[in-house]
Each structure stands twice: as C-alpha cells, then as structure tokens.
2 protein chains.
Amino acid sequence: MSAGGGLREVSRRAVQSRIARAAEELFVAKGFEETTVDEIAAAVGMSQRSFFRYFASKDEVVLDRLERLGEELSARLEARPPREPEWDSLRHSFDPIVERLSDPVVREHDRALQRIVHASPRLLAAYLGRLDRLQGSLSDLLLDRAARHPGGETDPVVLRALVGGAFACLQAAMQHCGVEPEVFEPCLDRTMAAMRPVTASAAW
Amino acid sequence: MSAGGGLREVSRRAVQSRIARAAEELFVAKGFEETTVDEIAAAVGMSQRSFFRYFASKDEVVLDRLERLGEELSARLEARPPREPEWDSLRHSFDPIVERLSDPVVREHDRALQRIVHASPRLLAAYLGRLDRLQGSLSDLLLDRAARHPGGETDPVVLRALVGGAFACLQAAMQHCGVEPEVFEPCLDRTMAAMRPVTASAAW
DNA sequence: CGGAAAGTGTCAGTGACTGTCAATCATTGC
DNA sequence: GCAATGATTGACAGTCACTGACACTTTCCG
C-alpha cells in the first residue's frame with residue numbers, strides 16, 4: 001500500500017532522469033540563467049507544463065540529486081555508533097560523498113554541476129537553502145541520539161553549530177577540490193581535523 | 001568628484017528607507033510571497049518601475065540591511081590585532097550584531113525580519129547566499145593577514161572552514177534567540193566556546 | 001535663459017510558474 | 001471485447017518579478 005502506484009514511481013524517475021540529462025547539457029552549453037524552461041521541454045519533447053509536473057522549478061532539476069544525497073547522509077549518521085563523538089559521526093556521514101567523488105567519471109560530472117551552481121547566484125542560494133535544511137535535520141537526529149544515550153551534546157544550539165561547522169569543512173573542501181586538483185578525502189580530513197571542536201572528546 | 005552627486009546619495013537612502021518601511025509593514029501583515037511589488041510601490045506612491053530603481057529585486061528590500069552589516073563586520077575584523085587567534089577575531093567581528101541586539105526596540109524589529117526571512121524558502125536562500133559571500137570575503141581578509149603576520153592559519157581551505165564554523169555559531173545562536181527569549185551574547189559566547197577548534201591556540 | 005543631468009511614469013515584453021479544461025491512454029472489472 | 005476509471009498530457013490563459021525603451025518633467029549650473 002505504498003502511497004500512489006508504486007510501479008509508477010519508476011517511470012517517473014526515468015522521465016526525471018531524461019529531463020535532467022537534457023537540461024544539464026543545455027546548462028553546460030549556454031549557462032543556467034540563459035537556458036529557458038521552454039528550451040529544456042523542447043529538448044525532451046514535452047510541453048512546458050509537463051516539465052513542471054516533473055520538477056517544481058527550474059532549480060529543482062539541478063538540486064534534485066542533492067535531496068537524495070541528503071537522505072543518504074542522514075541514513076549514515078543514524079547508523080553510526082551512538083556514543084561516537086559527534087564530530088566523527090558527522091565525518092563518517094560524509095562518506096557517501098567521498099565515495100561518489102572517488103569515481104573519476106562521477107567526479108567530473110559533479111564538478112560540472114558545481115560550476116553551474118556557483119555561476120548562478122540564484123542557484124547557489126537555493127543550494128545553500130537545501131544544505132541548511134539538511135543541517136537542521138541532522139542536528140535533530142543528533143539531539144535525539146543524545147537524549148537516548150548519555151554523554152552526547154544536549155544543547156541544541158551547540159549541536160546546530162557543530163553540524164554547521166562540519167558542513168563548513170565539507171563545503172570548503174568541495175569548493176577547493178572543484179578548482180584545484182587536490183584529492184578530496186585527505187583535504188576533507190585535514191580540514192575537519194583542524195576544525196575539531198575542543199568539546200568533541202577524542203576518545204570514547 | 002565622488003561618483004555621481006554625493007549629495008544625492010542621501011535622498012536616495014531616504015527613499016529606500018521609506019520603501020523598506022512600507023514593505024516590511026506589508027510583509028508582516030500579509031507575508032513576503034503574498035505581497036506584490038505593485039502593492040509596495042502603491043503604498044509608497046510610486047510606479048513599479050521606480051521601485052526597481054531603488055532596489056534591484058524584492059529580496060533586496062529585506063536583505064539590504066544585511067549588506068551594510070556585512071561591511072561593518074569586515075571593518076571590525078580588519079581592526080583586530082593581527083596576531084590574535086582567528087577564532088577570537090571572528091567573535092569580536094560579531095560585536096556589531098551583539099550591540100544591535102542589545103537595544104530592545106531593534107531586537108524586536110530584527111526578530112520580525114528574521115521571521116519573515118525564515119517563512120519564505122526563497123528569501124532564506126537569498127539570505128544564506130549573502131552570508132556565504134560575506135564569509136568568502138572575511139576568509140580572504142584573514143588569508144591576507146596571515147601572509148603579512150606569521151603565526152596565523154595559511155591554509156585557505158581551513159580558513160574558509162573556520163569562518164564558516166564561526167558563522168554556524170552565529171546563525172545557531174541567532175536562530176535560537178529569535179524563538180527562545182535567551183539573551184543573545186552569552187548564548188553566542190557559549191556556542192563559540194564549545195566550538196573553538198583545537199587549532200586555534202588560546203594564548204598569543 | 002538654455003541645456004545637461006537626474007528622476008519618474010508608461011508601455012511593452014520576457015520568463016518562471018500556476019490553474020483549468022479537454023483529450024488521450026492504460027488499467028481494471030465485467 | 002468494452003465501458004468506467006484514473007493518471008498523464010497539451011493547450012491556453014493568467015499572475016508576478018523584472019527589464020528595456022522612450023517621453024516628460026524637474027533640478028542644477030553656467
């Protein structure tokens with residue numbers, strides 16, 4: 001009894017993929033702002049109206065993958081040992097990203113997306129908005145965890161800042177490796193080691 | 001020979017203030033998305049076209065103050081002793097905000113603005129976009145400082161993460177105090193103390 | 001006084017996005 | 001096979017943010 005025809009979800013995803021591929025091609029070629037929704041729809045062979053049935057906005061085409069990646073991060077964080085220092089749990093919840101970026105093909109693709117996002121202030125802002133919400137849900141998760149297992153940080157403000165700090169490391173490392181050809185994982189580890197809060201005890 | 005009639009700048013600011021006041025009133029009453037630019041323009045008694053001569057976008061009306069606040073933060077950071085640990089310099093560059101929020105009238109006003117911003121995903125995203133750019137310029141500033149005075153952090157990635165972490169504290173504290181009636185300054189100090197990176201040496 | 005500069009209103013247009021409606025297409029029950 | 005049903009779609013019209021062009025007025029300054 002999954003909400004609304006479970007089988008349909010597959011073809012919906014397939015159409016979304018077709019749209020996303022066509023759109024990204026256009027974005028790379030002409031830039032995000034310079035590409036109209038009409039052009040994307042035409043490239044896929046559908047009406048503009050139908051485009052908006054698969055994506056709530058033009059932004060969504062680019063940011064959709066981020067949504068799913070966010071769910072992965074949440075799952076990873078939840079799977080961590082509950083008494084591990086938050087900082088280390090957060091570092092490990094970034095593993096899906098590290099793994100993604102270890103594949104050269106994926107890396108180049110993500111780099112192209114990153115360039116597109118950073119080239120449009122509007123898109124960049126939307127991207128940061130998503131990240132912010134994700135951070136909110138991750139810190140809620142850690143708050144829950146601390147309530148169930150003693151020893152964790154229980155101050156929601158500190159917790160929110162902690163998650164924000166970890167994401168600041170992630171962002172900084174990603175942005176750096178998007179430009180310089182430095183390997184991502186050591187760059188992230190170095191940054192998170194330097195930024196480890198005094199609070200986060202090293203042993204457990 | 002100041003660019004384009006320096007005296008005019010005064011009246012321009014005055015008009016902007018009138019628009020901003022009228023707009024905020026409408027935003028509080030009806031919400032940001034539900035208020036059209038036409039309504040704002042009508043409330044001030046000007047054409048829509050003229051509204052866009054004073055503000056580049058509807059977002060700008062709300063985020064304009066942030067821009068000037070950002071310049072204040074930059075100035076404060078630059079004025080700090082160059083060998084002070086970055087974390088402390090950043091904390092002190094937040095002083096203008098602390099001072100602003102110590103006035104009860106201003107605090108209530110800013111709280112209203114904060115509610116407006118957080119109620120609209122579009123506005124919130126734009127707000128985060130501004131913050132991101134501000135963080136970029138602050139970390140450039142610290143990078144410069146480290147180049148001139150030995151002892152500071154010279155890795156641009158770590159530096160960027162450091163600034164991001166400090167802003168995460170700021171954001172967390174601001175958001176918390178926007179809801180709970182906790183006093184802002186101790187909340188910020190507590191959070192930044194808990195988040196102080198191991199790198200940032202306490203003494204200098 | 002005369003002419004440049006600055007500010008404004010009007011109008012037309014683009015592009016993102018939404019609501020509505022009728023047509024189509026696949027599925028299901030008979 | 002066939003009709004009812006529900007999902008998917010295109011066509012069309014409309015809203016709203018935002019932009020460019022042009023004409024008009026006011027202000028400033030020699």
Side-chain angles (χ1 to χ4, degrees), chain A residues 1-20 22-23 26-27 30-64 116-117 120-127 129, chain B residues 1-20 22-23 26-27 30-64 116-117 120-127 129:
Chain A
M1 209 73 66
S2 67
L7 220 145
R8 290 297 165 79
E9 285 306 310
V10 177
S11 87
R12 180 177 170 80
R13 275 284 154 85
V15 177
Q16 283 178 328
S17 272
R18 270 176 48 220
I19 298 176
L26 287 167
F27 293 158
K30 318 180 34 178
F32 179 78
E33 318 259 17
E34 290 72 25
T35 304
T36 71
V37 174
D38 283 319
E39 287 170 335
I40 301 172
V44 194
M46 58 169 56
S47 68
Q48 191 212 52
R49 194 65 189 85
S50 281
F51 169 92
F52 283 111
R53 286 182 177 115
Y54 287 98
F55 289 103
S57 69
K58 200 170 95 174
D59 300 355
E60 204 85 7
V61 181
V62 181
L63 270 27
D64 184 44
I116 292 171
V117 170
S120 155
R122 190 167 168 309
L123 241 194
L124 178 60
Y127 168 75
Chain B
M1 204 84 62
S2 67
L7 221 144
R8 290 299 163 83
E9 285 307 309
V10 178
S11 87
R12 179 177 172 82
R13 276 285 154 84
V15 177
Q16 283 179 326
S17 273
R18 269 177 49 220
I19 298 176
L26 287 167
F27 293 158
K30 318 182 32 178
F32 179 78
E33 319 259 16
E34 290 72 25
T35 305
T36 71
V37 174
D38 282 319
E39 287 169 336
I40 300 171
V44 193
M46 58 169 56
S47 68
Q48 193 212 51
R49 195 67 188 84
S50 280
F51 170 91
F52 283 110
R53 287 185 176 113
Y54 287 98
F55 290 103
S57 69
K58 200 170 96 172
D59 300 355
E60 204 84 9
V61 180
V62 180
L63 302 182
D64 183 44
I116 292 170
V117 170
S120 157
R122 189 168 169 307
L123 241 194
L124 178 60
Y127 168 75

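What's counted below: heavy atoms across the whole structure, side chains too, no hydrogens, waters or symmetry copies. Note on naming: letters A, B, ... go to the chains in the order of the sequence lines (proteins, then strands), and numbering restarts at 1 for each one.
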field: Contacts of Ala125(B) that satisfy side chain to side chain contact (heavy atoms under 4.5 Å, CB included) - sequence neighbours left out
entry: Ala125(A)
query: Which atoms form the tightest heavy-atom contact between Ala20(A) and Val61(A), and what is the distance?
result: CA-CG1, 3.8 Å
Distance-only donor-acceptor pairs under 3.5 Å for side chains of residues 47-56 of chain B, two or more places apart:
unit_1	atom_1	unit_2	atom_2	d
Ser47(B)	OG	Ser50(B)	N	3.2

task: Write down the distance between CZ (Phe52(A)) and P (dA13(D)), rounded to a whole number of angstrom.
output: 18 Å
Hey, what are the protein-to-nucleotides 8-11 of chain C N/O distances that come in under 3.5 Å?
unit_1	atom_1	unit_2	atom_2	d
dT8(C)	OP1	Tyr54(B)	OH	3.2
dT8(C)	OP2	Tyr54(B)	OH	2.6
dG9(C)	OP2	Ser47(B)	N	3.1
dG9(C)	OP2	Ser47(B)	OG	2.8
dG9(C)	OP2	Ser50(B)	OG	2.5
dG9(C)	N7	Arg53(B)	NH1	3.2
dG9(C)	O6	Arg53(B)	NH2	2.7

Within residues 31-40 of chain B: residues closer than 4.0 Å to DNA chain D (heavy atoms): Thr35(B), Thr36(B), Val37(B)
message: List the residues meeting side chain to side chain contact (heavy atoms under 4.5 Å, CB included) with Ser17(A), not counting sequence neighbours, and say none if there are none.
response: Arg21(A)
Tyr127(B): partners by ring pair (Phe, Tyr, Trp, His ring centres under 6.0 Å), with sequence neighbours left out: none
Length of the line joining Lys58(B):NZ and dT19(D):C1', which is rounded to integer Å: 17 Å
query: Say you draw a straight line from CZ of Arg13(B) to CG of Asp64(B); how long is it, rounded to the nearest 0.5 Å?
result: 6.5 Å
- request: Please round to the nearest 0.5 Å and tell me the distance separating atom CG of Leu123(B) and atom CZ of Phe32(B).
  value: 4.0 Å
message: Without decimals, in angstroms, what is the distance between Leu26(B) CG and dA17(D) P?
response: 12 Å
- request: Measure the distance from CZ on Arg122(B) to C1' on dC16(D) and round it to the nearest whole Å.
  value: 10 Å
Solution key, residues 33-44 of chain A side-chain donor-acceptor pairs under 3.5 Å, sequence neighbours excluded:
unit_1	atom_1	unit_2	atom_2	d
Glu33(A)	OE2	Ser120(A)	OG	3.0
Thr35(A)	OG1	Gly31(A)	O	2.7
Thr36(A)	OG1	Glu39(A)	N	3.2
Glu39(A)	OE1	Lys30(A)	NZ	3.1
Glu39(A)	OE1	Thr36(A)	N	2.9
Glu39(A)	OE2	Lys30(A)	NZ	2.7

